[in-house]
Number of protein chains: 2
Amino acid sequence: MTARQNQSHQSVQAELLRRIHSGEWTPGAFIPGEVELAAEFGCSRTTVNRALRQLADSGIVERKRKRGTRVVPMPIARATLEIPIIRKEVTDRGGHYTHSVIKREIRTAPASINARLQLPAQELLHLQTLHLSDSRPFMFEDRWVNVSAAPGVEDASFESISPNEWLVQEVPYSDGDISFSACAADDSVAELLEIRAGSPLFLVERTTRLYQTPITTLKMYYPEGFRMSSSL
Amino acid sequence: MTARQNQSHQSVQAELLRRIHSGEWTPGAFIPGEVELAAEFGCSRTTVNRALRQLADSGIVERKRKRGTRVVPMPIARATLEIPIIRKEVTDRGGHYTHSVIKREIRTAPASINARLQLPAQELLHLQTLHLSDSRPFMFEDRWVNVSAAPGVEDASFESISPNEWLVQEVPYSDGDISFSACAADDSVAELLEIRAGSPLFLVERTTRLYQTPITTLKMYYPEGFRMSSSL
DNA sequence: TTGACTTTTATGTGTATACATAACAGCATA
DNA sequence: TATGCTGTTATGTATACACATAAAAGTCAA
(Lines give C-alpha, C1' and ligand atoms only; values in the text may rest on other atoms or scores of the structure.)
Protein backbone atom coordinates (compact mmCIF):
# COMPACT_ATOMS: atom_id res chain seq x y z
CA MET A 1 0.00 0.00 0.00
CA THR A 2 2.94 2.30 -0.63
CA ALA A 3 1.48 5.50 -1.99
CA ARG A 4 3.63 6.52 -4.92
CA GLN A 5 3.45 9.93 -6.54
CA ASN A 6 2.81 11.08 -10.06
CA GLN A 7 1.45 7.83 -11.43
CA SER A 8 0.62 8.15 -15.09
CA HIS A 9 -2.47 6.49 -16.45
CA GLN A 10 -0.16 4.29 -18.48
CA SER A 11 1.75 2.95 -15.50
CA VAL A 12 -1.51 2.45 -13.63
CA GLN A 13 -2.91 0.56 -16.60
CA ALA A 14 0.23 -1.55 -16.83
CA GLU A 15 -0.03 -2.48 -13.14
CA LEU A 16 -3.72 -3.32 -13.45
CA LEU A 17 -2.94 -5.48 -16.47
CA ARG A 18 -0.14 -7.20 -14.58
CA ARG A 19 -2.51 -8.11 -11.77
CA ILE A 20 -4.99 -9.52 -14.23
CA HIS A 21 -2.37 -11.49 -16.13
CA SER A 22 -0.71 -12.77 -12.98
CA GLY A 23 -4.01 -14.22 -11.83
CA GLU A 24 -4.13 -11.93 -8.80
CA TRP A 25 -7.46 -10.80 -10.21
CA THR A 26 -9.15 -13.71 -11.93
CA PRO A 27 -11.75 -13.57 -14.70
CA GLY A 28 -15.11 -12.62 -13.27
CA ALA A 29 -13.68 -11.09 -10.09
CA PHE A 30 -14.53 -7.54 -9.11
CA ILE A 31 -11.58 -5.25 -8.67
CA PRO A 32 -11.34 -2.41 -6.14
CA GLY A 33 -13.19 0.83 -6.84
CA GLU A 34 -11.61 3.85 -8.44
CA VAL A 35 -11.27 5.75 -5.18
CA GLU A 36 -9.52 2.87 -3.48
CA LEU A 37 -7.13 2.33 -6.37
CA ALA A 38 -6.40 6.05 -6.55
CA ALA A 39 -5.46 6.00 -2.89
CA GLU A 40 -3.28 2.95 -3.35
CA PHE A 41 -1.44 4.33 -6.37
CA GLY A 42 -1.23 7.80 -4.92
CA CYS A 43 -2.86 9.46 -7.89
CA SER A 44 -6.17 11.08 -8.63
CA ARG A 45 -9.34 9.20 -9.44
CA THR A 46 -9.29 10.80 -12.88
CA THR A 47 -6.10 8.94 -13.69
CA VAL A 48 -7.40 5.61 -12.47
CA ASN A 49 -10.63 6.25 -14.36
CA ARG A 50 -8.77 6.76 -17.59
CA ALA A 51 -6.73 3.62 -17.12
CA LEU A 52 -9.84 1.57 -16.39
CA ARG A 53 -11.77 3.13 -19.24
CA GLN A 54 -9.05 2.17 -21.68
CA LEU A 55 -9.03 -1.38 -20.32
CA ALA A 56 -12.80 -1.47 -20.78
CA ASP A 57 -12.45 -0.14 -24.33
CA SER A 58 -10.08 -2.94 -25.17
CA GLY A 59 -12.41 -5.50 -23.67
CA ILE A 60 -10.26 -6.54 -20.70
CA VAL A 61 -12.67 -5.39 -18.00
CA GLU A 62 -16.38 -4.69 -17.77
CA ARG A 63 -17.70 -1.65 -15.96
CA LYS A 64 -21.14 -0.84 -14.65
CA ARG A 65 -22.32 1.99 -12.53
CA LYS A 66 -22.81 1.11 -8.92
CA ARG A 67 -21.77 -2.51 -9.55
CA GLY A 68 -18.14 -1.73 -10.11
CA THR A 69 -15.46 -3.04 -12.43
CA ARG A 70 -14.64 -6.66 -13.02
CA VAL A 71 -12.31 -8.69 -15.16
CA VAL A 72 -14.26 -9.99 -18.14
CA PRO A 73 -15.41 -13.49 -17.12
CA MET A 74 -15.06 -15.22 -20.45
CA PRO A 75 -12.28 -13.44 -22.27
CA ILE A 76 -13.01 -12.60 -25.88
CA ALA A 77 -9.93 -11.93 -27.91
CA ARG A 78 -10.14 -8.89 -30.11
CA ALA A 79 -8.13 -8.40 -33.22
CA THR A 80 -8.16 -5.06 -34.97
CA LEU A 81 -7.64 -5.48 -38.67
CA GLU A 82 -6.44 -2.51 -40.63
CA ILE A 83 -7.83 -2.49 -44.12
CA PRO A 84 -6.03 0.02 -46.31
CA ILE A 85 -6.95 0.89 -49.86
CA ILE A 86 -5.81 -1.77 -52.30
CA ARG A 87 -3.06 0.31 -53.85
CA LYS A 88 -1.45 0.71 -50.45
CA GLU A 89 -1.88 -2.98 -49.75
CA VAL A 90 0.09 -3.76 -52.89
CA THR A 91 2.82 -1.15 -52.49
CA ASP A 92 3.28 -2.06 -48.82
CA ARG A 93 4.14 -5.55 -50.00
CA GLY A 94 6.68 -4.10 -52.37
CA GLY A 95 4.68 -4.53 -55.54
CA HIS A 96 4.00 -2.13 -58.40
CA TYR A 97 0.28 -1.40 -58.46
CA THR A 98 -1.93 -1.26 -61.52
CA HIS A 99 -5.59 -1.94 -62.09
CA SER A 100 -7.96 -2.57 -64.92
CA VAL A 101 -11.70 -2.10 -65.00
CA ILE A 102 -13.22 -5.26 -66.47
CA LYS A 103 -16.85 -4.29 -66.44
CA ARG A 104 -18.73 -1.05 -66.01
CA GLU A 105 -22.46 -0.93 -66.56
CA ILE A 106 -25.62 0.45 -65.09
CA ARG A 107 -28.22 -2.22 -64.63
CA THR A 108 -30.93 -3.52 -62.36
CA ALA A 109 -29.22 -5.31 -59.56
CA PRO A 110 -30.02 -8.88 -58.53
CA ALA A 111 -32.08 -9.29 -55.40
CA SER A 112 -29.13 -10.42 -53.30
CA ILE A 113 -27.34 -7.14 -53.94
CA ASN A 114 -30.40 -5.04 -53.14
CA ALA A 115 -30.75 -6.99 -49.94
CA ARG A 116 -27.12 -6.37 -49.00
CA LEU A 117 -27.63 -2.66 -49.59
CA GLN A 118 -31.08 -2.70 -48.01
CA LEU A 119 -32.43 -0.89 -51.05
CA PRO A 120 -35.58 -1.48 -53.13
CA ALA A 121 -34.93 -2.83 -56.60
CA GLN A 122 -33.29 -0.16 -58.73
CA GLU A 123 -30.53 0.55 -61.18
CA LEU A 124 -27.06 0.38 -59.75
CA LEU A 125 -23.60 0.86 -61.13
CA HIS A 126 -21.88 -2.50 -61.51
CA LEU A 127 -18.09 -2.39 -61.54
CA GLN A 128 -15.61 -5.21 -61.81
CA THR A 129 -11.97 -4.37 -61.29
CA LEU A 130 -8.86 -6.48 -61.40
CA HIS A 131 -6.06 -5.24 -59.18
CA LEU A 132 -2.53 -6.24 -60.14
CA SER A 133 0.81 -6.33 -58.38
CA ASP A 134 3.78 -6.24 -60.76
CA SER A 135 1.34 -7.03 -63.59
CA ARG A 136 0.20 -10.21 -61.88
CA PRO A 137 -3.36 -10.59 -60.59
CA PHE A 138 -3.56 -9.62 -56.92
CA MET A 139 -7.27 -9.32 -56.22
CA PHE A 140 -10.55 -9.27 -58.09
CA GLU A 141 -13.21 -6.82 -56.97
CA ASP A 142 -16.91 -7.09 -57.78
CA ARG A 143 -18.71 -3.91 -56.74
CA TRP A 144 -22.16 -2.36 -56.87
CA VAL A 145 -22.59 1.36 -56.28
CA ASN A 146 -25.72 3.27 -55.30
CA VAL A 147 -25.39 5.99 -57.92
CA SER A 148 -27.65 8.48 -56.15
CA ALA A 149 -25.45 8.28 -53.05
CA ALA A 150 -22.23 8.79 -54.97
CA PRO A 151 -22.64 11.93 -57.09
CA GLY A 152 -20.17 12.09 -59.94
CA VAL A 153 -19.48 8.39 -60.04
CA GLU A 154 -21.11 8.05 -63.46
CA ASP A 155 -18.74 10.59 -64.99
CA ALA A 156 -15.61 9.44 -63.17
CA SER A 157 -12.79 7.99 -65.19
CA PHE A 158 -11.38 4.95 -63.48
CA GLU A 159 -8.25 4.80 -65.58
CA SER A 160 -5.70 6.49 -63.38
CA ILE A 161 -7.58 5.96 -60.16
CA SER A 162 -9.45 2.79 -59.24
CA PRO A 163 -13.12 2.80 -58.21
CA ASN A 164 -11.95 1.70 -54.78
CA GLU A 165 -9.80 4.76 -54.31
CA TRP A 166 -12.19 7.12 -56.07
CA LEU A 167 -14.98 6.23 -53.66
CA VAL A 168 -12.76 6.45 -50.60
CA GLN A 169 -11.68 9.93 -51.60
CA GLU A 170 -14.92 11.30 -52.96
CA VAL A 171 -17.63 9.61 -50.94
CA PRO A 172 -16.94 9.41 -47.24
CA TYR A 173 -18.72 6.79 -45.24
CA SER A 174 -19.72 6.75 -41.63
CA ASP A 175 -20.22 3.07 -41.03
CA GLY A 176 -20.49 -0.30 -42.63
CA ASP A 177 -19.91 -3.95 -42.14
CA ILE A 178 -17.36 -6.44 -43.32
CA SER A 179 -17.04 -10.18 -43.34
CA PHE A 180 -14.31 -12.66 -44.14
CA SER A 181 -14.69 -16.16 -45.45
CA ALA A 182 -13.24 -18.71 -47.83
CA CYS A 183 -14.78 -19.86 -51.10
CA ALA A 184 -13.85 -21.72 -54.25
CA ALA A 185 -13.02 -19.84 -57.45
CA ASP A 186 -15.66 -20.12 -60.14
CA ASP A 187 -14.62 -20.28 -63.78
CA SER A 188 -14.73 -16.56 -64.57
CA VAL A 189 -12.91 -15.44 -61.43
CA ALA A 190 -10.35 -18.21 -61.85
CA GLU A 191 -9.60 -17.06 -65.36
CA LEU A 192 -9.12 -13.46 -64.31
CA LEU A 193 -6.90 -14.37 -61.37
CA GLU A 194 -5.04 -16.91 -63.51
CA ILE A 195 -5.65 -19.80 -61.19
CA ARG A 196 -7.44 -23.13 -61.48
CA ALA A 197 -11.20 -23.16 -61.08
CA GLY A 198 -12.05 -24.48 -57.64
CA SER A 199 -8.95 -23.02 -56.03
CA PRO A 200 -9.50 -21.60 -52.57
CA LEU A 201 -10.04 -17.85 -52.38
CA PHE A 202 -10.02 -15.50 -49.44
CA LEU A 203 -13.24 -13.51 -49.70
CA VAL A 204 -13.87 -10.14 -48.12
CA GLU A 205 -17.40 -8.76 -48.38
CA ARG A 206 -17.95 -5.17 -47.46
CA THR A 207 -20.86 -2.75 -47.41
CA THR A 208 -20.57 0.92 -46.54
CA ARG A 209 -23.15 3.54 -45.65
CA LEU A 210 -23.24 7.23 -44.88
CA TYR A 211 -25.75 7.81 -42.12
CA GLN A 212 -28.24 5.11 -43.20
CA THR A 213 -27.76 5.75 -46.90
CA PRO A 214 -26.23 2.70 -48.58
CA ILE A 215 -23.28 3.64 -50.75
CA THR A 216 -21.62 0.53 -52.06
CA THR A 217 -21.27 -3.18 -51.50
CA LEU A 218 -18.46 -5.30 -52.87
CA LYS A 219 -16.78 -8.65 -52.81
CA MET A 220 -13.00 -8.90 -52.95
CA TYR A 221 -11.46 -12.19 -54.01
CA TYR A 222 -7.84 -12.82 -53.01
CA PRO A 223 -6.07 -15.91 -54.34
CA GLU A 224 -4.49 -18.46 -52.02
CA GLY A 225 -1.39 -17.16 -50.30
CA PHE A 226 -2.93 -13.88 -49.27
CA ARG A 227 -2.93 -13.27 -45.54
CA MET A 228 -4.51 -10.70 -43.35
CA SER A 229 -2.56 -10.22 -40.13
CA SER A 230 -3.01 -8.44 -36.89
CA SER A 231 -1.85 -8.57 -33.32
CA LEU A 232 -3.97 -9.41 -30.31
CA MET B 1 -19.61 30.73 -33.72
CA THR B 2 -22.46 30.52 -31.24
CA ALA B 3 -20.95 29.41 -27.95
CA ARG B 4 -23.16 26.66 -26.58
CA GLN B 5 -22.93 25.41 -23.04
CA ASN B 6 -22.39 21.99 -21.51
CA GLN B 7 -21.16 20.23 -24.59
CA SER B 8 -20.42 16.62 -23.86
CA HIS B 9 -17.42 15.01 -25.47
CA GLN B 10 -19.88 12.82 -27.35
CA SER B 11 -21.75 15.68 -28.95
CA VAL B 12 -18.47 17.39 -29.75
CA GLN B 13 -17.20 14.20 -31.32
CA ALA B 14 -20.42 13.83 -33.31
CA GLU B 15 -20.11 17.37 -34.65
CA LEU B 16 -16.45 16.87 -35.56
CA LEU B 17 -17.37 13.63 -37.33
CA ARG B 18 -20.18 15.40 -39.16
CA ARG B 19 -17.78 18.03 -40.47
CA ILE B 20 -15.41 15.35 -41.66
CA HIS B 21 -18.13 13.30 -43.32
CA SER B 22 -19.76 16.32 -44.89
CA GLY B 23 -16.50 17.22 -46.56
CA GLU B 24 -16.21 20.47 -44.63
CA TRP B 25 -12.88 19.12 -43.46
CA THR B 26 -11.34 17.03 -46.20
CA PRO B 27 -8.80 14.21 -45.81
CA GLY B 28 -5.37 15.66 -45.16
CA ALA B 29 -6.68 19.02 -43.97
CA PHE B 30 -5.67 20.37 -40.59
CA ILE B 31 -8.55 21.17 -38.27
CA PRO B 32 -8.62 24.02 -35.74
CA GLY B 33 -6.68 23.62 -32.49
CA GLU B 34 -8.19 22.42 -29.25
CA VAL B 35 -8.38 25.89 -27.74
CA GLU B 36 -10.18 27.30 -30.75
CA LEU B 37 -12.66 24.43 -30.88
CA ALA B 38 -13.28 24.69 -27.15
CA ALA B 39 -14.12 28.37 -27.59
CA GLU B 40 -16.41 27.62 -30.50
CA PHE B 41 -18.26 24.84 -28.72
CA GLY B 42 -18.34 26.67 -25.44
CA CYS B 43 -16.71 23.86 -23.51
CA SER B 44 -13.37 23.21 -21.91
CA ARG B 45 -10.29 22.13 -23.78
CA THR B 46 -10.37 18.87 -21.82
CA THR B 47 -13.64 17.95 -23.46
CA VAL B 48 -12.42 18.75 -26.95
CA ASN B 49 -9.22 16.86 -26.19
CA ARG B 50 -11.15 13.75 -25.26
CA ALA B 51 -13.30 13.92 -28.36
CA LEU B 52 -10.23 14.34 -30.56
CA ARG B 53 -8.33 11.61 -28.75
CA GLN B 54 -11.13 9.16 -29.36
CA LEU B 55 -11.24 10.10 -33.03
CA ALA B 56 -7.49 9.53 -33.18
CA ASP B 57 -7.90 6.16 -31.43
CA SER B 58 -10.38 5.07 -34.04
CA GLY B 59 -8.09 6.18 -36.84
CA ILE B 60 -10.19 9.10 -38.13
CA VAL B 61 -7.68 11.82 -37.38
CA GLU B 62 -3.93 12.05 -36.82
CA ARG B 63 -2.48 14.13 -34.05
CA LYS B 64 1.01 15.45 -33.52
CA ARG B 65 2.36 17.85 -30.98
CA LYS B 66 2.85 21.32 -32.28
CA ARG B 67 1.71 20.31 -35.78
CA GLY B 68 -1.91 19.95 -34.82
CA THR B 69 -4.69 17.56 -35.78
CA ARG B 70 -5.63 16.58 -39.26
CA VAL B 71 -8.08 14.29 -40.95
CA VAL B 72 -6.25 11.13 -41.95
CA PRO B 73 -5.21 11.68 -45.58
CA MET B 74 -5.58 8.14 -46.80
CA PRO B 75 -8.26 6.58 -44.66
CA ILE B 76 -7.56 3.11 -43.36
CA ALA B 77 -10.65 1.20 -42.42
CA ARG B 78 -10.42 -0.66 -39.17
CA ALA B 79 -12.46 -3.69 -38.34
CA THR B 80 -12.41 -5.11 -34.85
CA LEU B 81 -12.98 -8.83 -34.89
CA GLU B 82 -14.17 -10.48 -31.74
CA ILE B 83 -12.82 -13.96 -31.40
CA PRO B 84 -14.62 -15.89 -28.70
CA ILE B 85 -13.76 -19.35 -27.49
CA ILE B 86 -14.97 -22.03 -29.88
CA ARG B 87 -17.71 -23.32 -27.64
CA LYS B 88 -19.28 -19.87 -27.56
CA GLU B 89 -18.88 -19.55 -31.31
CA VAL B 90 -20.90 -22.73 -31.75
CA THR B 91 -23.59 -22.03 -29.16
CA ASP B 92 -24.01 -18.45 -30.42
CA ARG B 93 -24.93 -19.95 -33.77
CA GLY B 94 -27.48 -22.13 -32.06
CA GLY B 95 -25.53 -25.37 -32.18
CA HIS B 96 -24.87 -27.98 -29.52
CA TYR B 97 -21.13 -28.03 -28.85
CA THR B 98 -18.97 -31.09 -28.43
CA HIS B 99 -15.33 -31.78 -29.11
CA SER B 100 -13.03 -34.70 -29.48
CA VAL B 101 -9.30 -34.82 -29.05
CA ILE B 102 -7.84 -36.61 -32.07
CA LYS B 103 -4.20 -36.55 -31.14
CA ARG B 104 -2.26 -35.85 -27.99
CA GLU B 105 1.47 -36.43 -27.85
CA ILE B 106 4.66 -34.90 -26.65
CA ARG B 107 7.23 -34.75 -29.38
CA THR B 108 9.94 -32.67 -30.91
CA ALA B 109 8.25 -30.00 -32.96
CA PRO B 110 9.04 -29.36 -36.60
CA ALA B 111 11.15 -26.32 -37.37
CA SER B 112 8.21 -24.30 -38.65
CA ILE B 113 6.46 -24.57 -35.30
CA ASN B 114 9.54 -23.62 -33.34
CA ALA B 115 9.92 -20.62 -35.61
CA ARG B 116 6.34 -19.57 -35.02
CA LEU B 117 6.88 -19.81 -31.28
CA GLN B 118 10.36 -18.30 -31.50
CA LEU B 119 11.68 -21.18 -29.42
CA PRO B 120 14.77 -23.37 -29.83
CA ALA B 121 14.06 -26.95 -30.83
CA GLN B 122 12.42 -28.77 -27.95
CA GLU B 123 9.64 -31.08 -26.97
CA LEU B 124 6.17 -29.60 -27.25
CA LEU B 125 2.70 -30.87 -26.62
CA HIS B 126 0.94 -31.55 -29.89
CA LEU B 127 -2.85 -31.50 -29.74
CA GLN B 128 -5.38 -32.01 -32.49
CA THR B 129 -8.99 -31.34 -31.67
CA LEU B 130 -12.13 -31.60 -33.73
CA HIS B 131 -14.87 -29.21 -32.67
CA LEU B 132 -18.41 -30.20 -33.53
CA SER B 133 -21.72 -28.41 -33.75
CA ASP B 134 -24.72 -30.73 -33.39
CA SER B 135 -22.34 -33.67 -33.93
CA ARG B 136 -21.21 -32.31 -37.28
CA PRO B 137 -17.64 -31.11 -37.82
CA PHE B 138 -17.38 -27.37 -37.21
CA MET B 139 -13.67 -26.69 -37.03
CA PHE B 140 -10.41 -28.59 -36.83
CA GLU B 141 -7.71 -27.31 -34.54
CA ASP B 142 -4.02 -28.20 -34.76
CA ARG B 143 -2.17 -26.88 -31.73
CA TRP B 144 1.30 -26.92 -30.20
CA VAL B 145 1.79 -25.98 -26.56
CA ASN B 146 4.95 -24.89 -24.78
CA VAL B 147 4.61 -27.22 -21.81
CA SER B 148 6.91 -25.25 -19.54
CA ALA B 149 4.78 -22.16 -20.03
CA ALA B 150 1.53 -23.94 -19.29
CA PRO B 151 1.93 -25.76 -15.98
CA GLY B 152 -0.58 -28.53 -15.50
CA VAL B 153 -1.31 -28.97 -19.18
CA GLU B 154 0.26 -32.44 -19.18
CA ASP B 155 -2.12 -33.65 -16.50
CA ALA B 156 -5.24 -31.92 -17.77
CA SER B 157 -8.10 -34.03 -18.99
CA PHE B 158 -9.50 -32.60 -22.16
CA GLU B 159 -12.67 -34.64 -22.09
CA SER B 160 -15.16 -32.23 -20.59
CA ILE B 161 -13.24 -29.12 -21.47
CA SER B 162 -11.39 -28.55 -24.72
CA PRO B 163 -7.71 -27.60 -24.85
CA ASN B 164 -8.83 -24.25 -26.26
CA GLU B 165 -10.93 -23.45 -23.25
CA TRP B 166 -8.53 -25.01 -20.75
CA LEU B 167 -5.73 -22.75 -21.91
CA VAL B 168 -7.90 -19.63 -21.95
CA GLN B 169 -8.96 -20.29 -18.37
CA GLU B 170 -5.70 -21.56 -16.92
CA VAL B 171 -2.99 -19.76 -18.82
CA PRO B 172 -3.57 -16.06 -19.33
CA TYR B 173 -1.80 -14.36 -22.18
CA SER B 174 -0.75 -10.79 -22.61
CA ASP B 175 -0.29 -10.57 -26.35
CA GLY B 176 -0.12 -12.51 -29.54
CA ASP B 177 -0.74 -12.37 -33.22
CA ILE B 178 -3.34 -13.73 -35.54
CA SER B 179 -3.70 -14.10 -39.26
CA PHE B 180 -6.49 -15.07 -41.60
CA SER B 181 -6.19 -16.74 -44.96
CA ALA B 182 -7.71 -19.33 -47.25
CA CYS B 183 -6.24 -22.72 -48.10
CA ALA B 184 -7.23 -26.02 -49.62
CA ALA B 185 -8.09 -29.00 -47.45
CA ASP B 186 -5.48 -31.75 -47.50
CA ASP B 187 -6.58 -35.39 -47.29
CA SER B 188 -6.43 -35.81 -43.52
CA VAL B 189 -8.18 -32.55 -42.69
CA ALA B 190 -10.79 -33.18 -45.37
CA GLU B 191 -11.58 -36.58 -43.88
CA LEU B 192 -11.99 -35.16 -40.39
CA LEU B 193 -14.17 -32.29 -41.55
CA GLU B 194 -16.09 -34.64 -43.83
CA ILE B 195 -15.51 -32.61 -46.94
CA ARG B 196 -13.77 -33.26 -50.26
CA ALA B 197 -9.99 -32.90 -50.38
CA GLY B 198 -9.11 -29.64 -52.03
CA SER B 199 -12.18 -27.83 -50.68
CA PRO B 200 -11.57 -24.26 -49.61
CA LEU B 201 -10.95 -23.73 -45.92
CA PHE B 202 -10.90 -20.57 -43.86
CA LEU B 203 -7.66 -20.70 -41.89
CA VAL B 204 -6.95 -18.80 -38.69
CA GLU B 205 -3.41 -18.99 -37.33
CA ARG B 206 -2.80 -17.74 -33.87
CA THR B 207 0.14 -17.51 -31.50
CA THR B 208 -0.08 -16.27 -27.93
CA ARG B 209 2.56 -15.17 -25.46
CA LEU B 210 2.72 -14.01 -21.87
CA TYR B 211 5.31 -11.27 -21.62
CA GLN B 212 7.74 -12.69 -24.19
CA THR B 213 7.17 -16.31 -23.18
CA PRO B 214 5.56 -18.23 -26.04
CA ILE B 215 2.60 -20.26 -24.86
CA THR B 216 0.88 -21.84 -27.81
CA THR B 217 0.48 -21.64 -31.55
CA LEU B 218 -2.35 -23.15 -33.49
CA LYS B 219 -4.11 -23.38 -36.80
CA MET B 220 -7.88 -23.48 -36.99
CA TYR B 221 -9.48 -24.83 -40.14
CA TYR B 222 -13.08 -23.84 -40.83
CA PRO B 223 -14.92 -25.43 -43.74
CA GLU B 224 -16.50 -23.33 -46.48
CA GLY B 225 -19.56 -21.46 -45.29
CA PHE B 226 -17.96 -20.13 -42.16
CA ARG B 227 -17.90 -16.34 -41.90
CA MET B 228 -16.25 -13.95 -39.57
CA SER B 229 -18.15 -10.67 -39.39
CA SER B 230 -17.64 -7.26 -37.92
CA SER B 231 -18.73 -3.70 -38.38
CA LEU B 232 -16.59 -0.84 -39.54
C1' DT C 1 25.50 29.40 -44.45
C1' DT C 2 25.72 26.71 -40.78
C1' DG C 3 24.90 25.19 -36.28
C1' DA C 4 23.67 26.07 -31.45
C1' DC C 5 20.48 28.50 -28.72
C1' DT C 6 15.71 30.19 -27.38
C1' DT C 7 10.90 30.94 -28.01
C1' DT C 8 6.50 29.68 -29.30
C1' DT C 9 2.81 26.63 -29.93
C1' DA C 10 -0.33 22.63 -29.88
C1' DT C 11 -0.96 18.54 -27.92
C1' DG C 12 -0.32 15.31 -23.75
C1' DT C 13 -1.23 14.55 -19.21
C1' DG C 14 -2.14 15.00 -14.13
C1' DT C 15 -4.87 17.20 -10.12
C1' DA C 16 -8.73 18.77 -7.45
C1' DT C 17 -13.44 19.51 -7.61
C1' DA C 18 -18.14 19.14 -8.75
C1' DC C 19 -22.21 17.24 -10.27
C1' DA C 20 -24.78 13.54 -13.10
C1' DT C 21 -26.61 9.02 -13.33
C1' DA C 22 -27.51 4.10 -13.03
C1' DA C 23 -28.44 0.57 -9.99
C1' DC C 24 -28.97 -1.43 -5.77
C1' DA C 25 -30.59 -1.70 -0.81
C1' DG C 26 -33.63 -0.74 2.51
C1' DC C 27 -37.55 1.27 4.33
C1' DA C 28 -42.29 2.69 4.25
C1' DT C 29 -46.78 2.74 2.67
C1' DA C 30 -51.05 1.01 0.45
C1' DT D 1 -47.18 -8.66 -1.08
C1' DA D 2 -46.52 -5.24 -4.12
C1' DT D 3 -45.10 -0.71 -4.95
C1' DG D 4 -43.01 3.47 -4.46
C1' DC D 5 -39.67 6.49 -2.16
C1' DT D 6 -35.72 7.24 -0.27
C1' DG D 7 -30.57 6.99 0.38
C1' DT D 8 -26.07 5.25 -0.95
C1' DT D 9 -22.53 4.05 -3.96
C1' DA D 10 -19.47 3.51 -8.03
C1' DT D 11 -18.83 4.98 -12.28
C1' DG D 12 -19.39 8.83 -15.91
C1' DT D 13 -18.27 13.18 -17.16
C1' DA D 14 -17.35 18.31 -17.27
C1' DT D 15 -14.38 22.15 -15.50
C1' DA D 16 -10.36 25.06 -14.36
C1' DC D 17 -5.80 24.82 -13.70
C1' DA D 18 -0.95 23.53 -14.18
C1' DC D 19 2.94 21.70 -16.11
C1' DA D 20 5.32 18.46 -19.57
C1' DT D 21 6.96 17.75 -24.10
C1' DA D 22 7.71 17.52 -29.05
C1' DA D 23 8.42 20.09 -32.94
C1' DA D 24 8.53 24.04 -35.63
C1' DA D 25 10.13 28.73 -36.08
C1' DG D 26 12.91 32.31 -35.00
C1' DT D 27 17.58 34.32 -33.26
C1' DC D 28 22.20 35.03 -33.36
C1' DA D 29 26.95 34.40 -33.53
C1' DA D 30 31.04 32.12 -35.77
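A note on names: the letters A, B, ... follow the listed sequences, proteins ahead of strands, and every chain is numbered from 1.
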Would you check if there is a donor-acceptor pair between the side chains of A:Asn146 and A:Ser148 at a distance under 3.5 Å? yes
What heavy-atom pair brings A:Ile85 and B:Pro75 nearest, and what distance separates the two atoms? CG2-O, 4.4 Å
Between B:Glu24 and B:Arg18, is there a salt bridge with N-O shorter than 4.0 Å? yes
Protein-nucleotide distance (A:Gln13, atom CD; C:dG14, atom C1'), rounded to Å: 16 Å
I'd like to check A:Phe226 versus A:Glu89 (side-chain heavy atoms, cut-off strictly below 4.5 Å). Are they in contact? yes
Rounded to whole Å, the CG-C1' distance (A:Leu55 to D:dT11) equals 15 Å
Given atom CG of A:Asn49 and atom P of C:dC19, what is their separation to the nearest angstrom? 18 Å
In whole angstrom, give the distance that lies between atom NZ of A:Lys64 and atom C1' of D:dT11. 13 Å
On DNA chain D, nearest-nucleotide positions of A:Gly68 versus A:Arg53: which is more 5'? A:Gly68
Taking any heavy-atom pair under 4.0 Å as a contact, classify A:Glu62: base, sugar-phosphate, or nothing. nothing
Integer-rounded Å distance: D:dT11 C1' and B:His9 NE2: 13 Å
State whether A:Arg63 places a side-chain N or O below 4.0 Å from either non-bridging phosphate oxygen (OP1 or OP2) of D:dG12. yes
Toward the 5' end of DNA chain C, which comes first, A:Gln10 or A:Arg67, by nearest nucleotide? A:Gln10
Short side-chain donor-acceptor distance under 3.5 Å, A:Thr217 and A:Arg116: yes
Measure all distances between protein nitrogen or oxygen atoms and nitrogen or oxygen atoms of nucleotides 20-22 of chain C, and list the pairs falling under 3.5 Å.
unit_1: C:dT21; atom_1: O3'; unit_2: A:Arg65; atom_2: NH1; d: 3.4
unit_1: C:dT21; atom_1: O2; unit_2: A:Arg65; atom_2: NE; d: 3.4

Check whether the side chains of B:Asp177 and B:Ser179 place a donor and an acceptor atom closer than 3.5 Å, and report yes or no. no
